[in-house]
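Here the structure is a predicted model, which means the values were calculated and not measured. Numbers for residues simply follow the sequence, beginning at 1.
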Amino acid sequence: NMAMGLVAEAESRLPEALGHYRRSMVLDPGGLGPLESATRVLVTLRRQPDAVRMLVDDATSHPRSPYALALLGDLYLRSKRIAEAEKAFHESAEREPRWWLPYRGMAHAAITRGDLARAAAVLTTGLERATDRVPLLMELGQLAESQGKYADAVRHYESALTAEPNFDIARQKVATLLSTAFTDEASRRRAVEVAKPFAESNSASLVDTYGWARFKSGDATGALPVLERALALAPQSPLIKYHVGAVQLALGQKDAARGNIDAALEAGARFPGIDEAKAAAASLASR
């Protein structure tokens, strides 16, 4: 039934998909997969009140399962019903203290209320209890980063990377912060080492992270071919065009730099470093 539901959903036969998911809920009482899929379809069909009723009923019918309450908390959070969301996430965590997701939900509710200290406390409690700590470490990193606490953010992301050495997102976060939020030579050298596994990646974003780390560490000559490969992988990326242009400018290749920086700005999208790109474009235009 789940497989048939996924096929029907992919083909936009949503009422049919919902039927398959509801039958799967009967076969897997209190399970996450069917419940999550049925909720998703109801929300897509703009039947959120029906989704809420379904989740409340499921939470009542399966008093040991944490899943319906966590999904209910998500729905309440989207509707800005913050107090109800917090209550649902809290009850979900009480049913299964080792599951990381309710702690993230409670933290997001606290962030919505502007209580960042509460969000950090909830996530820290989750770290002490949850079996999978990595998602909570990433949340703590993002929270610290949003407050400009870059050393704390790096510490959390590095903890996530230590737990999962192949977690590219955590590795990218560490390298990006070390190369852009810190100006000391040691941090920028470390950024290059952290990002080095991305050198042979086929992901433009990851290759760009490595190339930009090399540039910020003072190695413009070594950075340029790396960034040019990143641009070949994603030729429409304004960010990578700017990065290539910035390195070309540092190497004295002014015409090439002007072309890439202007193209980055003409794309009309915001990207990290856009103010620096505008300043560079103005400087090049006056020469």
Side-chain angles (χ1 to χ4, degrees), residues 111 138-139 141-154 156-157 160-161 167-184 187-287:
I111 291 168
M138 295 300 291
E139 290 288 333
Q142 290 170 38
L143 182 61
E145 191 177 345
S146 73
Q147 298 175 81
K149 299 177 180 178
Y150 299 122
D152 288 344
V154 167
H156 293 310
Y157 293 141
L161 187 58
F167 190 14
D168 286 343
I169 295 174
R171 183 176 296 280
Q172 186 176 36
K173 287 280 193 180
V174 172
T176 298
L177 280 179
L178 287 174
S179 62
T180 58
F182 297 85
T183 56
D184 61 289
S187 293
R188 292 188 166 180
R189 278 202 312 267
R190 197 157 132 250
V192 174
E193 287 305 309
V194 170
K196 198 169 184 179
F198 296 155
E200 303 304 320
S201 174
N202 288 320
S203 161
S205 176
L206 300 184
V207 175
D208 175 67
T209 297
Y210 175 56
W212 194 240
R214 287 188 66 166
F215 174 60
K216 298 297 276 187
S217 74
D219 183 13
T221 301
L224 185 56
V226 177
L227 291 168
E228 286 175 334
R229 189 168 85 81
L231 187 57
L233 289 167
Q236 303 306 315
S237 169
L239 174 64
I240 301 177
K241 284 178 182 175
Y242 160 58
H243 284 172
V244 171
V247 175
Q248 289 169 329
L249 182 58
L251 292 171
Q253 301 173 16
K254 295 176 184 176
D255 290 340
R258 183 183 294 108
N260 279 306
I261 293 173
D262 286 348
L265 294 171
E266 287 165 5
R270 289 202 63 80
F271 54 85
I274 191 169
D275 292 334
E276 292 86 345
K278 288 177 179 176
S283 171
L284 286 164
S286 66
R287 294 180 185 180

Enumerate donor-acceptor pairs with a distance under 3.5 Å from any side-chain N or O in residues 224-232 to protein atoms, sequence neighbours excluded.
| residue | atom | partner | partner atom | Å |
| --- | --- | --- | --- | --- |
| Arg229 | NH1 | Ser201 | O | 3.2 |
| Arg229 | NH2 | Ala199 | O | 2.7 |
| Arg229 | NH2 | Ser201 | O | 2.8 |

Inset, instruction - Could you tell me which residues satisfy side-chain hydrogen bond (donor to acceptor under 3.5 Å, both in side chains) with Asn202, sequence neighbours excluded, listed by chain and number? - result: none
Legend entry - Gap separating the CG atom of Asp255 from the CD atom of Gln248, nearest 0.5 angstrom: 10.0 Å
Legend entry - Pairwise distance CG(Asp262) to CG(Leu284) - rounded to 0.5 angstrom: 7.5 Å
Inset, instruction - Could you name each residue pair satisfying side chain to side chain donor-acceptor pair (under 3.5 Å) that touches residues 216-226, not counting sequence neighbours? - result: Arg214-Asp219
Legend entry - Any residue meeting side chain to side chain contact (heavy atoms under 4.5 Å, CB included) with Ala277, in chain and number order, not counting sequence neighbours: Tyr242, Ile261, Leu265, Phe271
Inset, instruction - Please report the closest heavy-atom contact between Pro238 and Ala264, naming both atoms and the distance. - result: O-CB, 3.2 Å
Legend entry - N/O donor-acceptor pair under 3.5 Å between Ser187 side chain and Thr183 backbone: no
Legend entry - By side-chain hydrogen bond (donor to acceptor under 3.5 Å, both in side chains) - contacts of Asp275 (at least two apart): none
Inset, instruction - Using atom types as modelled and distance alone, determine if a side-chain donor or acceptor of Arg171 lies under 3.5 Å from a backbone N or O of Ala195. - result: no
Inset, instruction - Could you grab the distance from atom CD of Glu276 to atom OG of Ser283, nearest 0.5 Å is fine? - result: 13.5 Å
Legend entry - Partners meeting side chain to side chain contact (heavy atoms under 4.5 Å, CB included) with Ala279 (sequence neighbours left out): none
Inset, instruction - Look up atom CZ in Arg188 and atom CG in Leu178, then write down how far apart they are to the nearest 0.5 Å. - result: 10.0 Å
Legend entry - Atom pair NZ (Lys173) and NE2 (His156), whose distance is rounded to the nearest 0.5 Å: 13.0 Å
Inset, instruction - List for me each residue that meets salt bridge (charged side-chain N to carboxylate O under 4.0 Å, His left out) alongside Arg189, sequence neighbours excluded, and say none if there are none. - result: Glu185
Legend entry - Pairing residues for Ala170 by the side chain to side chain contact (heavy atoms under 4.5 Å, CB included) criterion, not counting sequence neighbours: Met138, Ala160, Leu161, Phe167
Inset, instruction - Determine whether Arg190 and Val154 make a side-chain contact, defined as any pair of heavy atoms from C-beta on separated by less than 4.5 Å. - result: yes
Legend entry - Qualifying residue, where the test is side-chain contact (heavy atoms from CB on, under 4.5 Å) with Asn260 and the options are Leu249, Val247, Val244: Val244
Legend entry - Whether over 12 other heavy atoms sit under 6.0 Å from Ile169 CD1: no
Legend entry - All ring pair (Phe, Tyr, Trp, His ring centres under 6.0 Å) counterparts of Tyr210, not counting sequence neighbours: none
Inset, instruction - Mind checking side chain to side chain contact (heavy atoms under 4.5 Å, CB included) for Ser146 and listing every partner two or more places apart, or none if nothing turns up? - result: Leu143
Legend entry - Residues in ring pair (Phe, Tyr, Trp, His ring centres under 6.0 Å) contact with Tyr157, at least two apart in sequence or another chain: none
Inset, instruction - For Lys241, check salt bridge (charged side-chain N to carboxylate O under 4.0 Å, His left out) against everything at least two apart and list the hits. - result: none
Legend entry - Euclidean distance, Ile240 CD1 relative to Ser205 OG, rounded to 0.5 Å: 7.0 Å
Inset, instruction - State, with a plain yes or no, whether a side-chain heavy atom of Asp168 is found less than 4.5 Å away from one of Phe198. - result: yes
